[in-house]
Amino acid sequence: MKVLFLNGPNLNLLGTRQPEIYGHTTLADIERRVRERAHTLNVELEFRQTNGEGQLVDWLHEARGQFQAVVLNAAAYTHTSVALRDAISALGLPVIEIHLSNIHAREEFRHHSLIAAVCRGQICGFGANSYILGLEAAVSLNALA
Ligand code: CA2
């Protein structure tokens with residue numbers, strides 16, 4: 001099984017700024033942990049980050065036929081992007097929405113996810129473990145398929 005991890009804007013800053021919100025773990029640390037777990041589950045993965053909305057849309061389009069699931073931390077685009085929602089709708093692959101923080105316990109504008117309704121499910125609030133849980137959700141969906 002191949003799983004594509006996509007990370008949106010500013011997640012490249014993880015571990016370097018605002019540690020009181022996002023902790024000291026960097027995105028590279030998270031990728032390392034996800035790769036370790038993926039290895040035990042016999043899953044191949046790609047792990048990418050971009051600050052561009054259009055790049056996320058392009059990567060979603062390209063995922064078809066190459067991956068069995070996408071685990072997506074769309075970061076701020078979660079709350080704003082109709083383009084991402086449309087790309088997920090059109091994809092025909094399960095997309096699992098993840099967040100480090102509990103978006104429902106934060107500012108009001110983060111409570112609403114424009115992509116939640118077109119994703120298979122949402123995992124949020126578990127810090128770096130949200131990524132591991134996202135991977136496990138992708139694997140469990142594949143096992144059921
Ligand atoms: O909790 C999450 O994973 C979020 O997707 C993170 C986004 C935020 O806009 C979402 O509401 C929830 C922000 C990612 C930016 O991360 C930073 C890390 C360090 C310094 C500044 C931003």
Side-chain angles (χ1 to χ4, degrees), residues 1-19 21-106 110 112-145:
M1 177 187 192
K2 278 186 82 173
V3 178
L4 177 62
F5 275 76
L6 295 181
N7 293 282
N10 298 309
L11 286 164
N12 53 314
L13 300 177
L14 269 185
T16 65
R17 320 253 173 90
Q18 295 185 269
I21 304 177
Y22 296 111
H24 292 279
T25 308
T26 66
L27 196 59
D29 294 331
I30 293 176
E31 178 176 356
R32 214 169 300 119
R33 288 178 55 181
V34 174
R35 286 198 179 281
E36 279 169 19
R37 184 73 184 117
H39 184 71
T40 65
L41 293 168
N42 207 20
V43 170
E44 268 183 72
L45 62 88
E46 286 247 353
F47 197 96
R48 303 177 190 164
Q49 188 273 333
T50 179
N51 293 322
E53 184 177 11
Q55 179 68 86
L56 284 172
V57 169
D58 286 342
W59 282 341
L60 285 166
H61 292 173
E62 290 160 17
R64 206 192 191 116
Q66 297 202 53
F67 297 91
Q68 280 70 56
V70 179
V71 179
L72 172 64
N73 185 351
Y77 294 141
T78 303
H79 317 294
T80 62
S81 179
V82 176
L84 267 187
R85 181 192 175 108
D86 289 347
I88 295 166
S89 279
L91 184 58
L93 285 180
V95 178
I96 298 150
E97 175 184 357
I98 63 163
H99 300 283
L100 295 153
S101 61
N102 179 354
I103 56 174
H104 305 289
R106 297 187 61 192
R110 294 187 206 273
H112 187 61
S113 164
L114 276 182
I115 63 172
V118 293
C119 288
R120 282 299 293 265
Q122 183 190 71
I123 296 165
C124 71
F126 298 97
N129 276 336
S130 292
Y131 284 73
I132 304 289
L133 294 168
L135 173 66
E136 291 174 350
V139 171
S140 68
L141 286 176
N142 196 53
L144 294 173

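The structure displayed is predicted, hence computed values, not measured ones.
Arg64 places a side-chain N or O within donor-acceptor distance of the main-chain N or O of Ala90, the cut-off being under 3.5 Å. Although no hydrogens or angles enter the test, the distance criterion places no donor-acceptor pair under 3.5 Å between the side chain of His99 and the main chain of Gly125. Although no hydrogens or angles enter the test, the distance criterion places a donor-acceptor pair under 3.5 Å between the side chain of Asp29 and the main chain of Thr26. In this structure a side-chain-to-backbone donor-acceptor pair under 3.5 Å is missing from Ser81 to Thr78. A donor-acceptor pair under 3.5 Å links the side-chain atoms of Asn7 to the main chain of Arg48, judged by distance alone.
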(request) Evaluate the criterion side-chain contact (heavy atoms from CB on, under 4.5 Å) for residue pair Tyr131 and Asn73; output intermediate values, then yes/no. (result) CA-CA 9 Å; Tyr131 284 73; Asn73 185 351; 3.2 Å; yes
(request) Determine, stepwise, if the pair Leu60 / Leu84 fulfils side-chain contact (heavy atoms from CB on, under 4.5 Å). (result) CA-CA 9 Å; Leu60 285 166; Leu84 267 187; 3.6 Å; yes
(message) Test side-chain contact (heavy atoms from CB on, under 4.5 Å) on Val34 and Val71; report intermediate values, then the result.
(response) CA-CA 11 Å; Val34 174; Val71 179; over 6 Å; no
(message) Checking Glu97 against Ser113 for the side-chain hydrogen bond (donor to acceptor under 3.5 Å, both in side chains) test, could you report, in this order, the C-alpha distance in whole Å, the side-chain angles of both residues, the deciding distance, and whether it holds?
(response) CA-CA 9 Å; Glu97 175 184 357; Ser113 164; 3.0 Å; yes
(message) Quick one, Ser89 with Asp86, criterion side-chain hydrogen bond (donor to acceptor under 3.5 Å, both in side chains). Give me CA distance, side-chain angles, the key distance, then yes/no.
(response) CA-CA 5 Å; Ser89 279; Asp86 289 347; 5.2 Å; no
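The side chain to side chain donor-acceptor pair (under 3.5 Å) test applied to Asn51 returns Gln49, not counting sequence neighbours.
Atom OG1 of Thr25 and atom CG of Leu14 lie 8.0 Å apart (nearest 0.5 Å). Considering OG1 of Thr50 and CG of Leu11, their distance stands at 11.0 Å, rounded to 0.5 Å. One distance of note links CG of Leu41 with CD of Glu136; it measures 6.5 Å at 0.5 Å rounding. From Leu45, atom CG reaches atom CZ of Phe67 across 9.0 Å, with rounding to the nearest 0.5 Å. Within the model, atoms OG1 of Thr16 and NE2 of His24 stand 11.0 Å from one another, a figure rounded to the nearest 0.5 Å. Atom CG of Leu6 and atom CD of Gln55 lie 9.0 Å apart (nearest 0.5 Å).
Residues Ile132 and Phe126 have side chains not in contact (no heavy-atom distance under 4.5 Å, counting atoms from C-beta outward). Looking at heavy atoms from C-beta onward, Leu27 lies in side-chain contact with Phe47 at the 4.5 angstrom threshold. A 4.5 Å side-chain heavy-atom check between Ile30 and Leu100 finds at least one atom pair inside the cut-off. At least one side-chain heavy atom of Asn129 sits under 4.5 Å from a side-chain heavy atom of Arg33. Counting heavy atoms from C-beta outward, Phe5 and Leu135 have side chains that approach closer than 4.5 Å.
In the displayed structure, His39 atom NE2 is contacted under 6.0 Å by at most 12 heavy atoms of other residues, nucleotides or ligands.
In terms of heavy-atom proximity, Ala138 sits nearest to Val3 at CB-CG2, 4.1 Å. In this structure, Pro9 and Ala74 approach most closely via the heavy-atom pair CD-O, 3.6 Å. Closest of all the heavy-atom pairs between Ser101 and Tyr22 is OG-CE2, 4.5 Å. Across Ile103 and Arg110, no two heavy atoms sit closer than the pair CB-O, 3.4 Å. Taking both residues in full, the closest heavy atoms of Gly134 and Ile98 are given as CA-CG2, 4.1 Å, listed atom of the first, atom of the second, then distance. Of all non-hydrogen atoms in Ile123 and Ile96, the two that sit nearest each other are CD1-CG2, 4.0 Å.
A salt bridge links Arg35 to Glu31: one of the charged nitrogens lies within less than 4.0 Å of a carboxylate oxygen.
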